[in-house]
Amino acid sequence: MFELDEIEIQRLYAWIDAIPLSRSKKNIARDFSDGVLVAEVVRHFIPKLIELHNYSPANSISQKFYNWNTLNQRVFKKLHYSTSDEIISCIVNCRPGYIEYLLFELRLKIEAYLKHPEPVKRKSSSSVSLNRPKTPEQTIYDSRLQTKKPDDDLKRQEQSLQRSLQGSTTNLDKPMTKKLSNPHLNRTPINSIPNMRHNDHESIVNEMRETINILQLKVNKLEQLLILKDHKIDELTSMLQHQ
């Protein structure tokens, strides 16, 4: 990773400040660590490439990684850009300098895309309709063809979220505390018992924190699943209204 000089960094900050974002830029490494503001940057310049409801503001490391992986696979790919897991990990952990590097490269890709946008595919001659009214059956068939692909994408997203939820709940089935089995417990000096209790307490606290993080991740994924289902319902309702 190359380092940006002071002039390039100031130009980058000015570029970011000119974009209306949902949060003010106080600490760029922390504010951009969950990927949401990066999604808003792309949305500002190329709205058709991204849907903001796929990205939830997050403090948990797992949700931040989810947002960045979604950006990398669905959005950056369309800009002919990809960032490494190492860079994502540094950004998620708020390490200084890494988000500036990514934004600098992303700005170049956005500018290149705007200069040479992907051409819209033309309809083939077979898809040109004749000047004859369509029957109700043809109208329904055409509407199903138009909504088939988004519907399939929604199903895949729902299945992916459900698999993630199932994986996140497996850790909840494990007992939070372990039974102490020490055959030499009776030989333990009395003055070491407070230290043992302190260590056990720290272990329990750490396990409870991990459980809370897993539950938070589960809540976030359920919210995303509800958004996807609402989107699917809206599309089906719109399809029925146009029949």
Side-chain angles (χ1 to χ4, degrees), residues 1-121 150 153 156-157 160-161 164 213 216-217 219-221 223-225 227-228 231:
M1 185 186 80
F2 61 87
E3 294 184 1
L4 302 175
D5 59 36
E6 188 64 25
I7 296 177
E8 290 174 333
I9 290 178
Q10 292 305 320
R11 287 177 179 173
L12 181 66
Y13 289 163
W15 181 69
I16 292 296
D17 290 338
I19 302 171
L21 301 175
S22 61
R23 300 197 297 261
S24 59
K25 180 174 66 64
K26 298 179 180 178
N27 183 327
I28 191 169
R30 184 185 65 244
D31 296 336
F32 280 73
S33 64
D34 61 1
V36 174
L37 295 186
V38 175
E40 292 182 8
V41 169
V42 177
R43 173 77 176 180
H44 176 73
F45 291 101
I46 318 172
K48 66 180 181 179
L49 288 190
I50 195 166
E51 294 180 354
L52 292 181
H53 65 77
N54 289 328
Y55 309 91
S56 302
N59 292 320
S60 66
I61 297 296
S62 55
Q63 181 61 35
K64 289 181 180 181
F65 272 111
Y66 176 85
N67 289 343
W68 279 106
N69 288 331
T70 304
L71 276 171
N72 210 20
Q73 295 171 8
R74 294 189 181 181
V75 181
F76 293 169
K77 185 178 180 181
K78 298 176 183 177
L79 296 171
H80 305 289
Y81 175 63
S82 177
T83 188
S84 65
D85 293 339
E86 181 181 358
I87 298 294
I88 291 176
S89 178
C90 292
I91 293 174
V92 164
N93 288 283
C94 305
R95 292 186 59 181
Y98 285 87
I99 187 61
E100 287 90 345
Y101 166 76
L102 183 138
L103 288 172
F104 179 82
E105 289 197 327
L106 182 61
R107 183 181 65 176
L108 296 178
K109 294 296 181 180
I110 290 174
E111 291 173 351
Y113 184 93
L114 293 176
K115 289 180 180 179
H116 304 286
E118 295 181 357
V120 179
K121 295 182 179 180
D153 291 340
R156 284 194 293 270
Q157 293 174 13
S160 177
L161 285 171
S164 300
N213 289 334
Q216 183 62 47
L217 176 61
V219 170
N220 292 338
K221 289 186 180 295
E223 291 176 349
Q224 294 171 9
L225 185 59
I227 292 173
L228 290 174
H231 184 64

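Residues take their numbers from the sequence shown, with the count starting at 1. Computed from a predicted structure; not experimentally measured.
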**Message:** Go through it in stages, so that I can follow the logic: the residues are Ile99 and Phe104, the test is side-chain contact (heavy atoms from CB on, under 4.5 Å), and I'd like the CA-CA distance, side-chain angles, deciding distance and then a yes or no.
**Reply:** CA-CA 8 Å; Ile99 187 61; Phe104 179 82; over 6 Å; no
**Message:** Let me confirm one number: the OH-OG1 distance from Tyr55 to Thr70, rounded to the nearest 0.5 Å.
**Reply:** 5.5 Å
**Prompt:** Just how far is it from atom CG of Asp31 to atom OG of Ser22, taken to the nearest 0.5 Å?
**Reply:** 10.0 Å
**Item:** Gap between atom CZ of Arg23 and atom CG of Asp34 - 0.5 Å precision
**Value:** 4.5 Å
**Request:** Measure the CD1-CG distance between Ile110 and Leu106 for me, rounded to the nearest 0.5 Å.
**Result:** 4.0 Å
**Message:** What's the separation between atom CD in Glu105 and atom OG1 in Thr83, rounded to the nearest 0.5 Å?
**Reply:** 7.0 Å
**Prompt:** Is it the case that Lys25 places NZ or CZ above or below the six-membered ring of Tyr13, under 6.0 angstrom from the centre and within 45 degrees of the axis?
**Reply:** yes
**Asked** Hey, are the side chains of Leu37 and Val41 touching, using non-hydrogen atoms and a 4.5 Å cut-off?
**Response** no
**Prompt:** Would you call Ile61 and Asn93 a side-chain contact if the rule is heavy atoms closer than 4.5 Å?
**Reply:** yes
**Sub-4.5 Å side-chain heavy-atom contact between Asn67 and Asn54** = no
**Message:** Using modelled atom types and a 3.5 Å cut-off, is there a donor and acceptor pairing between side-chain atoms of Gln63 and backbone atoms of Ser60?
**Reply:** no
**Message:** Checking Val75 against Lys77 for the side-chain contact (heavy atoms from CB on, under 4.5 Å) test, could you report, in this order, the C-alpha distance in whole Å, the side-chain angles of both residues, the deciding distance, and whether it holds?
**Reply:** CA-CA 5 Å; Val75 181; Lys77 185 178 180 181; over 6 Å; no
**Message:** With a sphere of 6.0 Å drawn around CZ of Arg95, does it hold more than 12 non-hydrogen atoms of other residues, nucleotides or ligands?
**Reply:** no
**Request:** State whether the number of non-hydrogen atoms from other residues, nucleotides or ligands found under 6.0 Å of Glu111 atom CD is greater than 12.
**Result:** yes
**Modelled atom types, side-chain donor and acceptor of Ser33 and Lys64, under 3.5 Å** = yes
**Prompt:** Taking all non-hydrogen atoms of both residues, which atom of His80 and which atom of Lys109 are closest, and how far apart?
**Reply:** O-NZ, 3.4 Å
**Prompt:** Going by atom types alone, do Gln73 and Asn69 pair a side-chain donor with an acceptor below 3.5 Å?
**Reply:** no
**Asked** Does Asp5 pair with Arg11 as a salt bridge, N-O distance under 4.0 Å?
**Response** no
**Item:** Trace of the side-chain contact (heavy atoms from CB on, under 4.5 Å) decision for Tyr66 with Ser56
**Value:** CA-CA 9 Å; Tyr66 176 85; Ser56 302; over 6 Å; no
**Message:** Other residues, nucleotides and ligands only: do more than 12 of their heavy atoms fall within 6.0 Å of CD1 on Ile7?
**Reply:** no
**Prompt:** Under 6.0 Å between the ring centres of Trp68 and Tyr98?
**Reply:** no
**Asked** Can you check whether Ile50's main-chain N or O pairs, donor with acceptor, with Arg43's side chain at less than 3.5 Å?
**Response** yes
**Message:** When you compare the side chain of Phe32 with that of Leu103, does any pair of heavy atoms fall below 4.5 Å?
**Reply:** yes
**Request:** Please assess Val42 against Tyr113 for the test side-chain contact (heavy atoms from CB on, under 4.5 Å), listing each intermediate value before the final yes or no.
**Result:** CA-CA 11 Å; Val42 177; Tyr113 184 93; over 6 Å; no
**Prompt:** Does Phe76 reach the side chain of Leu49, with side-chain heavy atoms less than 4.5 Å apart?
**Reply:** no
**Asked** Do the non-hydrogen side-chain atoms of Ile19 and Glu40 ever get within less than 4.5 Å of each other?
**Response** no
**Message:** Working to the nearest 0.5 angstrom, can you tell me the gap between Asn72 CG and Phe65 CZ?
**Reply:** 12.0 Å
